[in-house]
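Structure first, then comments.
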Amino acid sequence: MKRNRNETNGYEQWGGYMEAKKIKLEKQFIEKATSDGNNVKSQIFKGISIFINGYTMPSSDKLKHIMMENGGVYHHYHRPGLTTHIIASNLPTAKFKLLKQYKIVKPEWISDSLKEQRLLDYRNYLLFIDKSDQPKIDFSIRAKNASEPTFLSEFYNNSRLHLISTMATTFKQLVNNTRKKNQTDYPGRRRLKKWIEQNEVKDILSQDTEFHIKKIIMHIDMDCFFVSVGLVERPDLCGLPVAVTHAKGNSSMKREGVDREAEFGLYVKRWRGDDENDNETVQEIRPQSTKRDMIDEKDSMAEIACCSYEARKLGIKNGMLVGQALKICPILKLIPYNFEQYKKVAYTLYTHIMNDYTLDVEAVSCDELYLDCTQILETTKASPLELATFLRKEIKEKTQCPCSTGLGSNCLLARLATKKAKPNGQFYLESDVIIDFMKNINIFDVPGIGRTLGHKLSTLGISTCGELSGLSLQTLQSEFGNKIGVSLYKHCRGEDNRKLNYDYKPKSVSAEVNYGIRFQNKENADNFVRQLCNEIEKRLDDVDMIGKTITLKLMIRNSEAPKESAKFLGHGFCDHITKSSSLSKSTSSSTLIFQVVNKIMNQLDIDPTELRGIGIQVNKLENRTLKKTGCIKNFLSNMKSDSKQHQNLSNKNTDKQLLRSITESKSQQSSSAKNPHNTALISTEYNKSESIVDVVLHKSENYNSKRQSTITQSASNISSHQSLINIKMSQVDPTFLDALPADLRQEIENELKANEPQTPLTIEHNTATMKISMTEESSKLYQHVHVDQMKEFVEEWVATENEPKLCDNLMVSEYLCNLIKDKKIEDAYEIIRKLYRVIKNKNNLTWKQSYFFIMKNVQDIMLNVYNAKMKVESSF
DNA sequence: ATCCTCCCCTAC
DNA sequence: TAAGGTAGGGGAGGAT
């Protein structure tokens, strides 16, 4: 099925979903890169050819290195007959059945052999104890948690919630972008018209109503989306109780440190609002979370992401734990996730509707959307239900999945109508029946009423909208707050004046992980936080925004909670901490974000081993403004040139040199009041600069000073702190300080002021124009400009120039080529990714050509050096 | 009044 | 084993 897919369709071209793929390719690519330049150290593994299946510890990368340095062979694919051993830490049953005739060995075989400098007997390292039909996996091998460098991508590849979330954002963006098209032809409307004529189902009424067509909103919701998609390839399971989950059955390991009963008890206690010293009031019994009922010691704690209507009839609910579900319904069929397929079906759904019917769509999630049908009904003269019937028929044909639709005069009514229509049905809630209809609606079906609000209402004796409408606005407001009061008051009467929102503008960007967080030390934690910061930067870049407020969110094991959580690698029963910090200048820089987060972490002084969840959030977003026109010149005005400095910087990175570079660059750019002569020296020279090359050269010192002061400010714990104690206030890039939160800035300033010199440093400036050939220039550039700086620069370049200059194209490609020659393709890849992202964002033909031009050069040199092309985006 | 921070709630 | 994310709205209470 996958093989037959047309590879050049819109889906392939469409960004956002390619992340997993990219990560995979990147890995291959790094593997390829590191396969060169090996030096053979021994022949321990002579005659051994391994293929690595799945995630291992040590990583496949490391194992590969070990093999290659010690006479062994590494296969990227399993090659029966050639591969002598399969290395795996874990194997799914299906795979095991395929491979069980081969030697499947734990990776420790390799690492231990290396340690002992001789080939050990693999039979002592077999992954399975016997070769029966079920793999008996030795679970004592190290579990994968957030200390592992590949954890985050692995987690994202398997997290349904992450998927749901990112898909929602992606489709909102898709709607945004599609609406920019000037579409006039809607083939679906023509088909609908034809269908009505042929079927002569037209009812007279609809013709009358066209004179006074009211706004009609349609709500479309796929029926139990994940299950429906899954059943396309498993038609044999149609009609049965089916659930989508990670678990394969109802068995889990008994692990050390787990006390399920104790942990569940803590949740119940918290949910009930238990409090030792509240004995005078009647205890308010909140509904217990029934989620953990009936779970015994070894029942699966995996969650059911989605279950079929047959399963629902038997009492299974989404979110239920597999252990409990199987007790309620032992015949429940469990099927695995298929993330790629969900994306495809959702994409089909959206493009079908938007290409063929209307652009007036609000995306709610991957499987749910609102549609303003006014225009469609006007042009086709169809009745609302005719439209619904026809559209549902087409969606079913296109996606193979059923959906339900509700129609009404506002979003709320359309939604409630859908609820009534489900499964696989449709319902038009007409105005004259609204009052009766609403009377019997269960409060929990009203959007915005969840378990807490719903429960609070139940304690007031209210379970339907009819009863809710008996409460005065005043009561509702004093009980629930002003806004929520109003919304309850209106919603229970079927009123909702919210407009469809077509323009998606993100207000916050966040990344959080509350699974698999097990750190042994602060370094583990820091590394992970850094990854989250990178993730945030990437997401901000994707939407071309920067943000001002950074919030850190931590989950920490509650002191009463068992050491290990009931769920494998779960967060267990935790205390929650959030703390935010406002920058004085918006940013998307992961480095800067990390500084802030790190600072907060240090303040909180949390034991890293007790962390169970970490999240970072950026709020107060604004567009990355393209600054003023001629901003290249602005850019220049922050810079200064001094060939001597370049010299200094090229001997890279000893503390002393960095210190010197700070000293020099800072004194040049310190405020004009302090050093007027320096400012003068920044000179007209820059205004003559035509090429970005100059700019980059100039900015490099500035950048390094930034990096250095960055290190300085992470105050309390960093060892380099001491060696930098001599940094002076006037030496620190003020733009860096500006971007820090006030308290942090104050702290650094105070510290730095203490070191202020008696007399200002004087620096010699060489303002002679550099007249060197492009090649010399670019190699110089390459030597002096740090990769991160180049990334930053590429971004600035694309954002601020209307058209790329040839010399800048050359400069960038030569820089990249230099990197590749130096075998630093990871760095090159990073820059290319950035370049791709910003150009894609810019969506301008000349820039795209510029990308292709640069990539042509890059691929040529790749072929030259590696005899292979770099796997990167080749279309926009 | 309006904003900010730290929550909590809800939805998918 | 298991993959407990993410964005938005809003309230309480204090600062401005």
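Since this is a predicted model, take the numbers as computed values, not measurements. All chains are named by letter (A, B, ...) in the order of the sequence lines, taking the proteins before the strands, and each is independently numbered beginning at 1. What you see below is based on every heavy atom in this structure, not just the backbone, and it leaves out hydrogens, waters and symmetry mates.
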Q | Short side-chain N/O contact from A:Ser580 to OP1 or OP2 of B:dC6, under 4.0 Å | A | yes
- Within the structure shown, what part of the strands sits under 4.0 Å from A:Met301 by heavy-atom distance: base, sugar-phosphate, or nothing? sugar-phosphate
**OP:** Considering just the side-chain nitrogens and oxygens of A:Arg612, establish if one lies under 4.0 Å of OP1 or OP2 belonging to C:dG4.
**Re:** no
From the candidates C:dA3, B:dC12, B:dC4, the one with an atom nearest any side-chain atom of A:Glu154 is C:dA3
- Query: With a 4.0 Å cut-off on heavy atoms, is A:Lys620 in touch with a base, just the backbone sugar-phosphate, or nothing at all?
  - Reply: sugar-phosphate
Among C:dA2, C:dA3, B:dT5, the one nearest any side-chain atom of A:Ser159 is C:dA3
Winner on side-chain proximity to A:Lys483, out of C:dG11, C:dA2, C:dG9, is C:dG11
Between A:Gly570 and A:Ser510, whichever has its closest DNA chain C nucleotide further toward 5' is A:Gly570
Per atom distances to the A:Ser252 side chain, the nearest of C:dG5, C:dG9, C:dA2 is C:dA2
When rounded to whole Å, the CZ to C1' distance for the pair A:Arg260 and C:dA2 reads 12 Å
Is A:Asn176 reaching over with its side chain to a backbone N or O of A:Tyr504, donor-acceptor style, under 3.5 angstrom?
yes
Does the side chain of A:His576 get closer than 4.0 angstrom to OP1 or OP2 of B:dC7 through an N or O atom?
no
In whole angstroms, the gap separating P of C:dA3 from NZ of A:Lys248 amounts to 11 Å
Side-chain contact check for A:Ile164: nearest option of C:dG4, B:dC12, C:dG8 is B:dC12
Q | Below 4.0 Å: OP1/OP2 of C:dG4 and any side-chain N or O of A:Lys567 | A | no
Are A:His246 and the base of C:dA3 stacked, counting only ring centres nearer than 5.5 Å and planes tilted under 30°? no
Inset, instruction - Would you indicate what A:Leu163 reaches in the nucleic acid, counting non-hydrogen atoms under 4.0 angstrom: base, sugar-phosphate, or nothing? - result: nothing
Rounded to whole Å, the CE-P distance (A:Met545 to C:dA7) equals 12 Å
Separation of B:dT5 atom C1' from A:Asn619 atom CG, nearest Å, is 11 Å
Review point. How would you label the contact of A:Arg539 with the nucleic acid (heavy atoms, under 4.0 Å): base, sugar-phosphate, or nothing?
Key: sugar-phosphate
For A:Glu297, is the CD atom crowded, meaning more than 12 foreign heavy atoms sit under 6.0 Å from it? yes
Q: Would you indicate what A:Arg160 reaches in the nucleic acid, counting non-hydrogen atoms under 4.0 angstrom: base, sugar-phosphate, or nothing?
A: sugar-phosphate
Against the side chain of A:Glu512, the closest entry in C:dG4, C:dT6, B:dT10 is C:dT6
Examine distances only and state if a side-chain atom of A:Lys548 and a backbone atom of A:Lys585 form a donor-acceptor pair shorter than 3.5 Å. no
Judged by nearest nucleotide, the residue sitting upstream toward the 5' end of DNA chain C, A:Val509 or A:Glu303, is A:Glu303
**Q.** Residues A:Asn558 and A:Asp575: side-chain donor-acceptor under 3.5 angstrom
**A.** yes
A:Lys579 atom NZ is separated from B:dC6 atom P, nearest whole Å, by 5 Å
Of B:dA11, C:dG8, C:dA2, the nucleotide closest to the side chain of A:Tyr504 is C:dG8
Against the side chain of A:Leu161, the closest entry in C:dG5, C:dT1, B:dC12 is C:dG5
Looking only at C:dG11, C:dG5, B:dT5, the nucleotide nearest the A:Thr549 side chain is B:dT5
Considering only heavy side-chain atoms of A:Ser582, the closest of B:dT5, C:dA7, C:dT1 is B:dT5
Item checked: Phosphate contact (C:dA2 OP1 or OP2) by A:Ser300 side-chain N/O below 4.0 Å -> yes
Rounded to whole Å, CZ of A:Arg451 lies from P of B:dC8 at a distance of 12 Å
Does the side chain of A:Leu321 reach to within under 4.5 Å of the side chain of A:Lys291, using non-hydrogen atoms? yes
Check your understanding: Within less than 4.0 Å of OP1 or OP2 of C:dA3, is there a side-chain N or O belonging to A:Lys144?
Key -> no
Note: A:Cys411 and A:Leu500 closest approach over all heavy atoms is SG-CD2, 3.4 Å
Any donor-acceptor pair under 3.5 Å linking the side-chain atoms of A:His246 with those of A:Glu303? no
Distance alone, cut at 3.5 Å: any donor-acceptor contact between the side chains of A:Ser588 and A:Glu537? no
- Task: Measure from NZ or CZ of A:Arg270 to the centre of the six-membered ring of A:Phe573, then state whether that distance is under 6.0 Å and the direction lies within 45° of the axis.
- Result: yes
Exercise for the section: Describe the nucleic acid contact of A:Lys298 in one word from base, sugar-phosphate, nothing, applying a heavy-atom distance below 4.0 Å. Expected result: nothing
Note to self: Counting the atoms with a prime plus P, OP1 and OP2 as sugar-phosphate, which does A:Ser165 contact under 4.0 Å by heavy atoms, base, sugar-phosphate, or nothing?
What the structure shows: base
Looking across every strand, which nucleic acid part, if any, lies under 4.0 Å from A:Gln617 by heavy atom: base, sugar-phosphate, or nothing? nothing
From CD of A:Glu479 across to P of C:dG10 the rounded distance in Å is 18 Å
Quick one: is C:dG8 close enough that its OP1 or OP2 comes under 4.0 Å of any side-chain N or O from A:Ser508? yes
What contact category does A:Ala302 fall into here, base, sugar-phosphate, or nothing, at under 4.0 angstrom with non-hydrogen atoms? sugar-phosphate
Have a look at A:Gly572 and say if it touches a base, only the backbone sugar-phosphate, or nothing, with a 4.0 Å heavy-atom cut-off. base
Requested in this report: Verify the contact: side-chain N or O of A:Tyr156 to OP1 or OP2 of C:dT6, cut-off strictly under 4.0 Å; return yes or no.
Outcome: yes
From NZ of A:Lys172 across to P of C:dG5 the rounded distance in Å is 19 Å
Reckon A:Asn482 has a side-chain N or O less than 4.0 Å from the OP1 or OP2 of C:dG11? no
Classify A:Ile577 by what it touches in the nucleic acid, base, sugar-phosphate, or nothing, heavy-atom distance under 4.0 Å. nothing
